[in-house]
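Please read the structure below before turning to the comments.
What's counted below: heavy atoms across the whole structure, side chains too, no hydrogens, waters or symmetry copies.
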Amino acid sequence: MYTIYQGNTGSGKTTRIKKKYQQLAAEVGSEKILLFLNSARAVSKFREDLALNRSGNLSIFTYFGFINQELNRNWPAVEKKYSGQQQTIEPTFMNIETSHFLMSNYVDRYRKAKSYFLNIKARPVQIAVQLIDNLNLAAFNLLDLEELKTRLFSWCGDDEERQEYAQQSLDIMLTFRKFCLKYRLLDYSAAVTMFNDNLLFDSKYQNLLKNKYQYLLIDDLEKLIPAGQKLAIQLLKVGLEGYFAFNQNGGFNRFFGGDPAAAKQNFFPGAAEIIELKNNYTSSSLNSELAVDIKKVIKNRKANFITSKLFIAEIDSELRGEMLIKVAQQVVALLKKGVKSDQIAIVSPQIDKVLSFSLEKILTKNGYQLSNFNRSKRLIDIPFARALLILYLFYVDKTAAIGVSSLQQGLSLLLDLDPLRSYLLAREIAASGMRLIDLEQANLRTKIGFAASEKYDYLKDWLLEKKTEELAIQIFFQAVFSEVLAPLTPSQEDIFACRQMIESVARFQQTVENFHVSDQDLSERYLNMIYEGTLAAETIFKGQTKEPGVILASPYKFLFSPELKGIEYLFILDISSSDWLQSIAKELVNPYIYTEQWQQNQAWHDQLDQEIRLNQLSDFLISLIYKVKSGIYLADSFFNSSGREQEGPLYRWLNVRRD
């Protein structure tokens, strides 16, 4: 028996789930409730917002977090079913960085040895992302590798070059998967497959779940991948009572494996009750009317101008730079009237450097801040993590990878130096071949000051002492943090970054050592991974909070940020950009071919591609509109940042450039 709360963005679905959770926790205890949320950030925020008088263990997970835990806890049974014997004590769960690193290595190897992907200009790491997406999407939709092959070739049609690339993709994916399973290295796709093939339908395991939980709660059911939906169905079958939230306009997660159509088909017919949430707490009736109009005009693809009292003004310029200046000036005007900065959001399909720099410059000049939700925060961009890497490179005499700017920033932190004096020291170290110099010989002691000189001498001696110990990279990282960085009073973000560096390199070594390479080579591979742009250099902090300031985000980033409940004013930028209608298909991967809808049709053509693009645009805009309380500004320019005419159709639908 289960209940579904259905409503638009801002209708209170998450609030209903939260209240139901707290009510049930008070009645039976939190340990009897299993809750699925769509992201790690949502899990963290839900936990922080809970107000329970008493609680046991909190079983609040993403789907992937849950299956990782269950595979770990029940590994002996899984291993026995998979191999027929107990070969390994426990699996190794690869994080994103390690799986992308391994796959990019295979891509690079096959390109050099067999000239794979000859006319594809993407770098190995970019191709690796697409191949991993193929494996993930197949597993998320409960498809085996043979079915993956069938669908890839079906998508290629009669195009011989694409068929060749599909076969090359399969060769590398199969090699990658065999290697991972041989050493029990589980990425997302392998973990999902292992869980479903060897654990989910085991009667003993199902009895364990039945005895452990009484209730199943799911927020954002439309974003749950089909494999997650299968798990939910099994939990209902063994007797759990369910409460689910469903957003009828939340289909913008399709590219990442969500399948709203499958969720509706799987759960709506058997629901004991479907509660329609018609009120909206982040918008008004004007929003509902505008949402209906937008859905209609995008579906019909007609230049039928939409008007709404929510549209406060249109900001239209010939050049994009002029448009950005006008947008920033209007934002500053709202801020000076007393609107809080986090109640203003600027949304564009692509957050490029020109956009973020222009807005940030004008806002900063007027005493305000910009909170860029699309800013990529890498480990080496965190000062303490960067200092940790720099010290290791000096430790192993691999300083060629260090730039003068990075060294200057590291010295500023480690020696408590101002930018000018840290630059003088960094320049002299670089001039000596990136070796730690003698301050007396370089005549720098008086220039950088006594206190900084003393710290420099200590750091130099400390490194020389550590070189005699021949420490492995993760042990060296731990020594640097505890003996050098910890006394510098790091912030919570700094601590998280250093901890992630230490955990990351340990897991990386545990995984990659199966290549039978030396410790020295392992550390070099890890450093290359961080510096050369592998996705693993990105870091997400569980304790991360929203920066204060005017919000800048892409539609997806804005809608997937659980801390953003609603705003007063929305600026929709670049509405004549074709980026609003990007295809979900890339050279080597197409999420749609793994869905149930593809199985019924099995034909990919331009009309279907356009239909999917338009549905995604409609979902984006409607969900954005339901977040706005007071008004919307539409901004556009005739030319984009490259000086080219913009040809997207959205400006014809939203009342801009009518002449």
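- Partners of Lys627 by side-chain contact (heavy atoms from CB on, under 4.5 Å), not counting sequence neighbours, listed by chain and number: Thr9, Phe558, Leu559.
- Here Phe246 and Phe267 keep their ring centres 6.0 angstrom or further from each other.
- For Thr62 (side chain) and Gly65 (main-chain N/O), a donor-acceptor pair under 3.5 Å exists by modelled atom type.
- Residues forming a side-chain contact (heavy atoms from CB on, under 4.5 Å) with Asp220 (at least two apart in sequence, or on another chain): Asn38, Glu222, Lys223.
- In this structure, Phe571 and Val347 have side chains that are not in contact, with every pair of non-hydrogen atoms separated by 4.5 Å or more.
- Centroid-to-centroid, the aromatic rings of Tyr2 and Phe244 come within less than 6.0 Å.
- Qualifying salt bridge (charged side-chain N to carboxylate O under 4.0 Å, His left out) partners for Asp352, counting only residues two or more places apart in sequence or in other chains: Arg320.
- Partners of Pro226 by side-chain contact (heavy atoms from CB on, under 4.5 Å), not counting sequence neighbours, listed by chain and number: Asn141, Asp259.
- Side chain of Thr595 to main chain of Tyr592: a donor-acceptor pair is present (N/O by atom type, distance under 3.5 Å, no hydrogens or angles).
- A donor-acceptor pair is defined here as one N or O able to donate and one able to accept, closer than 3.5 Å; no such pair exists between the side chain of Arg41 and the backbone of Phe560.
- The minimum heavy-atom distance linking Ser99 with Ile132 is given by the pair O-CD1, 3.5 Å.
- Residues in residues 12-38 take part in these ring pair (Phe, Tyr, Trp, His ring centres under 6.0 Å) pairs, two or more places apart or across chains: Tyr21-Phe46, Phe36-Phe66.
- Looking at Ser44, its side chain never comes within 3.5 Å of a backbone N or O of Ala40 through a donor-acceptor pair.
- Under the 6.0 Å distance and 45° angle rule, Lys32 does not count as a cation-pi partner of Tyr213.
- Environment of NZ in Lys557: sparse, with no more than 12 heavy atoms of neighbouring residues, nucleotides or ligands closer than 6.0 Å.
- In this view, Glu147 and Arg151 satisfy the salt bridge (charged side-chain N to carboxylate O under 4.0 Å, His left out) rule, not counting sequence neighbours.
- Side-chain contact between Ile632 and Ile312: absent, with no pair of heavy atoms (C-beta onward) separated by less than 4.5 Å.
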Show me the side-chain donor-acceptor pairs of residues 187-196 shorter than 3.5 Å, one per line, residues at least two apart or across chains.
residue, atom, partner, partner atom, Å
Asp187, OD1, Ser189, OG, 3.2
Asp187, OD1, Ala190, N, 3.0
Asp187, OD2, Ser189, OG, 3.3
Ser189, OG, Arg177, NH2, 2.6
Thr193, OG1, Ser189, O, 2.9
Asn196, ND2, Val192, O, 2.8

Kindly indicate, with the supporting measurements, whether the criterion ring-ring contact (aromatic ring centres under 6.0 Å, His included) is fulfilled by Phe140 and Tyr63. CA-CA 11 Å; Phe140 296 172; Tyr63 169 71; 7.9 Å; no
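- Annotation: side chain of Lys19 is in contact with side chain of Thr15 (closest heavy-atom distance under 4.5 Å).
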Mind running side chain to side chain contact (heavy atoms under 4.5 Å, CB included) on Lys20 and Leu217 for me, showing each step along the way? CA-CA 9 Å; Lys20 178 58 67 174; Leu217 277 63; 4.2 Å; yes
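- Identified under the salt bridge (charged side-chain N to carboxylate O under 4.0 Å, His left out) test for residues 189-213, with sequence neighbours left out: Lys81-Asp202.
- Not counting sequence neighbours, the partners of Arg184 by the salt bridge (charged side-chain N to carboxylate O under 4.0 Å, His left out) test are Glu79.
- Residues that satisfy the side-chain contact (heavy atoms from CB on, under 4.5 Å) test with Asp579, not counting sequence neighbours, are Pro349, Gln350, Ser577, Gln582.
- Of the possible donor and acceptor atoms, none in the side chain of Glu241 sits under 3.5 Å from a partner among the backbone N and O of Leu216.
- Applying the salt bridge (charged side-chain N to carboxylate O under 4.0 Å, His left out) rule to Lys18 yields the partners Asp49; only residues at least two apart in sequence or on another chain are considered.
- Qualifying side chain to side chain donor-acceptor pair (under 3.5 Å) partners for Thr92, counting only residues two or more places apart in sequence or in other chains: Gln510.
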